[in-house]
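What follows is one structure encoded as structure tokens, with my remarks underneath.
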Amino acid sequence: MNPAPAASRSNGVVRLEIPAVAEWVAVARLAVAAVASRRPFSVDDLEDIKLAAAEACTNAIQHGPPNGTIAITCEVSAEGITISVSDRGHGAPLGTVAQERIGDAGRTEELGVFLIRALMDTVEYTSDVRNGTQLVMTKRISR
Amino acid sequence: MNPAPAASRSNGVVRLEIPAVAEWVAVARLAVAAVASRRPFSVDDLEDIKLAAAEACTNAIQHGPPNGTIAITCEVSAEGITISVSDRGHGAPLGTVAQERIGDAGRTEELGVFLIRALMDTVEYTSDVRNGTQLVMTKRISR
Amino acid sequence: MDIKVNVRESEGDAYVVDLAGEIDVYTSPKVKDAITELIDREHYNLVINLEKVRYIDSTGLGVLIGGLKRVREHGGSVNLVCTNPQIKKIFDITGLVKIFGIFDDEQSAMKALA
Amino acid sequence: MDIKVNVRESEGDAYVVDLAGEIDVYTSPKVKDAITELIDREHYNLVINLEKVRYIDSTGLGVLIGGLKRVREHGGSVNLVCTNPQIKKIFDITGLVKIFGIFDDEQSAMKALA
Ligand SMILES: Nc1ncnc2c1ncn2[C@@H]1O[C@H](COP(=O)(O)OP(=O)(O)O)[C@@H](O)[C@H]1O
Ligand SMILES: Nc1ncnc2c1ncn2[C@@H]1O[C@H](COP(=O)(O)OP(=O)(O)O)[C@@H](O)[C@H]1O
């Protein structure tokens, strides 16, 4: 937690804002993957991060307010990446969603949040009327 | 200039903010290229847009204030793309830079602004002490 | 960042849907349309070839699941061809491997339909 | 989004610098270091192979120009191998085609050094 030496790589914060429209999700996932690929994540982890970010954007489009925008913030450090995805919607009782395990029949509903939880190391939803819905998720660089 | 029919593709605005640090320019150029690739630009035009956006970021890093951020806005329409790249620096007498043609010896200096002007359809610099330096450039979809 | 969809008839009333590219919230309606059209024309034995698919999200999975549910009502089935390890992983994580037949090549997927 | 640099000795005191990847404001210092080191060791006849370079920006061009200027002071030269049409276009637009020898393959670039 000491400040990094001046010559080390910056712990960069990259912000992105896209219209909450299906067409732009591809831009968000490519940008997030590009940010993550500046750190030594495995190819597998990069794909996980890309998909999780895309699922979060898709949810913001499908469950957030119409004609809105989605704000995505990526912060990288030596440990990994933290991605936050926010919309201006009122959210939903997200605390309990998609926590269950897969039954014998496999999973066919609420796959989005389920995938996010499966692919990332930590996932936290906050949602209130004033600030909208925010999903903060992290992925650690594995060594 | 009439409003687009509701079912048509959105004239999207995508905003990106990166630290003014060399490492992050690749993220900006990939994101800008991803935005542009949602419209029917030729592969050649996409490469031009990508390089012009990157040159603008590189200049913001090399000539803008240290430890700053770069704000990039992309707006697409049926006609093409408008990209703005801003830093918080005081700028320079940019109006006259890199307007000259290539001499017999080829060009070896101020290649950045020269390339931006050569690759894009319109390029406009504004620069003042209050708002920093902003470059707005456009590329039309050729038919 | 786009999807190509190609539908072709195969042996014994089976149909193959070739997909190439990325299946996401923007492109999956195109995939859905192709599958829906086949089912509306009463073709219930489908092979969906994902060999050239580089990316699939939950909306893409949802389209495949929706197709499977509909053909099953008519005693049909959907078999997938999938070799990309990242995409296989998604079917694993979600447990969808238990629902779909997933095969390494079209021939096996076809044979298993019968 | 990165650059690979490989330096190897070739015929008649010439050196080849193989570059692969993207040359931009972040990666060009690595290219500059390799070229500077060769020149510091008094090697003034260089072939820089850009066949596997997918992208170059003005800082990359600046590094190549800087290298050329230095070797010329010693009667040397820098020949480039470049086949990517997008990159060739950048050399065209900037008029750098008039300054560098640009060749379609290493053999020709090497031959022209002599
Ligand atoms: N950004 C969001 N805003 C509001 N509700 C959300 C958001 N993201 C997820 N949810 C809620 O979580 C549920 C599960 O989401 P998901 O797993 O993607 O499945 P689906 O979208 O298919 O219902 C959604 O139905 C919705 O109620
Ligand atoms: N964002 C900017 N802020 C301040 N000055 C700039 C900016 N972009 C370009 N310039 C000015 O324009 C000149 C030409 O830029 P460029 O063509 O990239 O060449 P170089 O950076 O190698 O000097 C720079 O030297 C600088 O004075």
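Letters A, B, ... are given to chains in the order of the sequence lines, protein chains preceding strands, and every chain is numbered from 1.
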- [ ] Mark yes or no for whether A/Arg38, through its side chain, and B/Glu23, through its backbone, hold a donor-acceptor pair below 3.5 Å.
- [x]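 Side chain of A/Arg38 to backbone of B/Glu23: a pair is present.
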
TODO: Under 4.5 Å, heavy atom to heavy atom: which of residues 26-35 of chain B reach chain A? Give them by number, or say none.
DONE: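 Checking residues 26-35 of chain B against chain A gives B/Ala26, B/Val27, B/Leu30, B/Ala31, B/Ala34, B/Val35.
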
At what distance, to the nearest 0.5 angstrom, does [atom1] of [X] lie from [atom2] of [Y]?
X	Y	atom1	atom2	result
B/Glu17	A/Glu17	CD	CD	10.5 Å
A/Thr69	B/Arg15	OG1	CZ	8.5 Å
B/Leu16	A/Ile72	CG	CD1	10.0 Å

Task: side-chain contact (heavy atoms from CB on, under 4.5 Å) assessment of A/Trp24 paired with B/Val76 - done: CA-CA 11 Å; A/Trp24 299 107; B/Val76 294; 3.4 Å; yes

- [ ] Count the heavy atoms of every other residue, nucleotide or ligand shown that sit under 6.0 Å from CD of A/Gln62, and state whether that count exceeds 12.
- [x]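 Correct, the count exceeds 12.
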
